[in-house]
Amino acid sequence: MGFEVMEAMQSMGHELVALGTDSDTGLRAIVAIHSTALGPALGGTRMYPYPHDEAALDDALRLAEGMTLKSAAAGLALGGGKAVIIGDPARHKTPALLRAYGRLVDRLGGAYITAEDVGTTVEDMLAIADTTRWVSGLPQAAGGSGDPSPLTARGVLAAMRAVATHLWGSADLADRRVAVQGVGKVGLALAHMLARVGARVLVSDLDGEIARRVAAETGGSSLDPDEVMSAECDVLAPCALGGVLDDHTIPMLRCAAIVGSANNQLAEDRHALLLAERGILYAPDFVVNAGGVINISVEFGVNGYEPEVAGARVDAIESQLASILTEADARGLTPSEAATELATKRIDRARSARPVGHLASTAVSVTP
Ligand code: NAD
């Protein structure tokens, strides 16, 4: 990594990237702060065995930018950031490494607030909290909002209701065929919620045994991982990793809509247009999967975390997505374009109103 880091940051509009290492624990981490225009940059810490540092940086930059859009579109007073720890969580994650990582987060003085993500858990946040207070998503027993995944799944379901109303005139998902790609923390909760509202669930996971178990629990059926993208269904719900909608997969899709939790589902922005050309409604991932960050944001309210408040705010994704879809149709935009425009307008308004030196001032404006 050299000066191309600065170029990548500048082209995507990032404010700051921090690299951290700790030789005692083997920590290698990158914190990317995309924007603090609306508030401190909040985003999870992903731990993943990236094949090389550039892949880790690219992931951090893209995910941080996505967090900015996500929080802005959801109307939260939060900016966007994300961190990655390079390593295999099963082999390299230790309490000492997490505490060293917490020290890195702490040195950013609150400009970045972390949370859990793929490869990290709510319990890991407790270890990080030993060395920084700029951490959210602690277990509910410790006064935090706990695992955000069930609320993220609840938000995906709310988004599916909006899409169903838009396409079929009713929010009822009974008898709709929904294919869930990835039944991890979010996909599993979503599959169960879908079964409860009478949807016909198709599930797929790299771990075929888990897929078969969830299919049995939900009265649905399981698919091989290479079958799910071409499954005939009403809604495809990508709930695994990003980049699944590309030149190769889009032609094979046989769904009416795509509504899932995975971040950065489009391999490139232009794929939103390809989907529209195929007549497939793509609900922007950063609107659909905002339930987790909305849930965490409730921690920062004057009363601290309140589950009922969080649930109601997450359910509002339904009406929010409904207006984005209506706006997109009215103006001949893709839903992604309409949602990005909404988020960007909010960020630009905040940016034009902020004082010089905003990074430091927003860093102390929220007390977790
Ligand atoms: P997870 O790691 O618990 O689950 C992911 C699952 O997908 C795993 O079971 C994995 O085996 C499976 N998988 C991976 N590749 C697959 C493939 N090609 N086909 C089928 N299955 C595959 O992760 P999670 O927390 O459930 O998150 C899922 C996605 O949602 C991620 O992209 C994450 O960034 C995003 N997201 C999660 C939250 C949250 O609250 N957890 C919030 C916002 C966004």
Side-chain angles (χ1 to χ4, degrees), residues 42-49 59-60 62-67 69-71 73-74 76 78 80 82-84 88-90 114-122 124-125 136-137 144-159 179-193 202-215 222-231 236-246 248-249 258-267 283-298 310 314 317:
L42 188 137
T45 297
R46 178 165 294 193
M47 185 161 184
Y48 190 76
D59 215 21
R62 276 169 56 91
L63 290 165
E65 184 185 25
M67 287 307 297
L69 285 177
K70 189 185 301 196
S71 286
L76 303 175
L78 290 168
K82 201 90 180 186
V84 298
D88 180 350
T114 198
E116 53 278 301
D117 193 66
V118 175
T120 60
T121 65
V122 282
D124 295 338
M125 297 306 116
S136 60
S145 56
D147 179 5
S149 309
L151 270 291
T152 300
R154 183 165 164 170
V156 177
L157 192 74
V180 182
Q181 180 191 39
V183 277
K185 295 191 288 286
V186 178
L188 174 71
L190 177 66
H192 281 276
M193 288 173 189
L202 308 167
V203 294
S204 132
D205 199 283
L206 288 183
D207 185 333
E209 206 169 302
I210 291 182
R212 283 188 290 278
R213 178 171 58 75
V214 178
S222 65
L223 298 169
D224 285 342
D226 58 3
E227 290 174 333
V228 67
M229 298 304 284
S230 57
L236 171 69
C239 296
L241 291 179
V244 290
L245 301 169
D246 60 19
H248 171 68
T249 56
I258 300 173
V259 188
S261 76
N263 284 308
N264 299 334
Q265 289 166 36
L266 301 170
D285 49 19
F286 61 87
V287 176
V288 172
N289 69 15
V293 71
I294 293 171
N295 184 51
I296 285 177
S297 73
V298 177
V314 170
I317 288 176

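Atoms within each ligand, like the ligands themselves, are counted from 1 in listed order.
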Visitor: Looking only at heavy atoms, what is the nearest atom pair of S136 and L42, with distance?
Guide: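 Minimum heavy-atom separation between S136 and L42: OG-CD1, 3.8 Å.
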Visitor: Which residue and atom name correspond to the protein heavy atom nearest atom 42 (C) of ligand 1, and how close is it?
Guide: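 Result for atom 42 (C) of ligand 1: T152 OG1, 3.4 Å.
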Visitor: When E116 is tested against each of V122, T121, D124 for side chain to side chain contact (heavy atoms under 4.5 Å, CB included), which residue passes?
Guide: V122
Visitor: Does D147 pair with K185 as a salt bridge, N-O distance under 4.0 Å?
Guide: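 K185 and D147: not salt-bridged.
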Visitor: If you measure from atom 26 (O) of ligand 1 to every heavy atom of D117, T120, L151, V186, which option wins on shortest distance?
Guide: V186
Visitor: Atom 36 (N) of ligand 1: which of G291, A262, S261, A189 has the nearest heavy atom?
Guide: S261
Visitor: Counting heavy atoms only, which part of R46 comes closer than 4.0 Å to ligand 1: side chain, backbone, both or neither?
Guide: side chain
Visitor: Do you know which two heavy atoms are closest between I296 and S145, and how far apart they sit?
Guide: CG1-OG, 3.6 Å
Visitor: Please write down residue, atom name and distance for the protein heavy atom closest to atom 43 (C) of ligand 1.
Guide: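 Looking at atom 43 (C) of ligand 1, the protein heavy atom closest to it is N289 O, 3.7 Å.
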Visitor: Would you call V156 and M193 a side-chain contact if the rule is heavy atoms closer than 4.5 Å?
Guide: no
Visitor: Looking at V244, D285, V228, which one forms a side chain to side chain contact (heavy atoms under 4.5 Å, CB included) with P238?
Guide: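 Checked V244, D285, V228 against P238; only one passes side chain to side chain contact (heavy atoms under 4.5 Å, CB included): V244.
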Visitor: With a cutoff of 4.0 Å, is A240 in contact with ligand 1, counting heavy atoms of the residue only?
Guide: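 For ligand 1, residue contact (heavy atoms, under 4.0 Å) with A240 is present.
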Visitor: Where is the nearest protein heavy atom to atom 16 (C) of ligand 1: which residue, which atom, and how far?
Guide: L206 CG, 3.4 Å
Visitor: What protein heavy atom sits nearest atom 41 (N) of ligand 1, and how far away is it?
Guide: S149 OG, 3.1 Å
Visitor: How does D205 reach ligand 1, by side chain, by backbone, by both or by neither, if only non-hydrogen atoms under 4.0 Å count?
Guide: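 Both the backbone and the side chain of D205 come within reach of ligand 1.
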Visitor: Is G242 in contact with ligand 1, taking contact as a heavy-atom separation below 4.0 Å?
Guide: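 The answer is no, since G242 has no heavy atom less than 4.0 Å from ligand 1.
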Visitor: For atom 5 (C) of ligand 1, find the nearest protein heavy atom and state the residue, atom name and distance (0.1 Å precision).
Guide: C239 O, 3.9 Å
Visitor: Atom CG in N263, atom CG in N289: separation rounded to 0.5 Å?
Guide: 5.0 Å
Visitor: Answer with yes or no whether the side chains of T249 and D246 bring together a donor and an acceptor at under 3.5 Å.
Guide: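 Result is yes, a qualifying pair exists.
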Visitor: What protein heavy atom lies closest to atom 4 (O) of ligand 1? Include the residue and the distance to one decimal.
Guide: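 Here the closest protein heavy atom is G184 CA, 3.2 Å.
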Visitor: Is V214 close to V180 at the side-chain level, that is, under 4.5 Å between some pair of heavy atoms?
Guide: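 Answer no - side chains too far apart.
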Visitor: Atom OG1 in T152, atom CZ in R154: separation rounded to 0.5 Å?
Guide: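 With rounding to 0.5 Å, OG1 (T152) is 12.0 Å from CZ (R154).
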Visitor: Tell me the closest heavy-atom pair linking A262 and A240, and the distance in Å.
Guide: CB-O, 3.8 Å
Visitor: Can you figure out which of M67, K70, E116, K185 has its heavy atom closest to atom 3 (O) of ligand 1?
Guide: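 The nearest heavy atom belongs to K185.
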Visitor: For S204, take its heavy atoms, then give the atoms of ligand 1 lying under 4.0 Å from any of them.
Guide: 20 (C), 21 (N)
Visitor: Which residue and non-hydrogen atom of the protein lie closest to atom 2 (O) of ligand 1, and at what distance in Å?
Guide: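 Protein heavy atom with the smallest distance to atom 2 (O) of ligand 1: V118 CG1, 4.3 Å.
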Visitor: Using heavy atoms and a threshold below 4.0 Å, how should the contact between P148 and ligand 1 be classified: side chain, backbone, both, or neither?
Guide: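 For P148, backbone and side-chain atoms both sit under 4.0 Å from ligand 1.
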Visitor: Under a 4.0 angstrom heavy-atom cut-off, which atoms of ligand 1 come close to G182?
Guide: 7 (O), 12 (C), 20 (C), 21 (N)
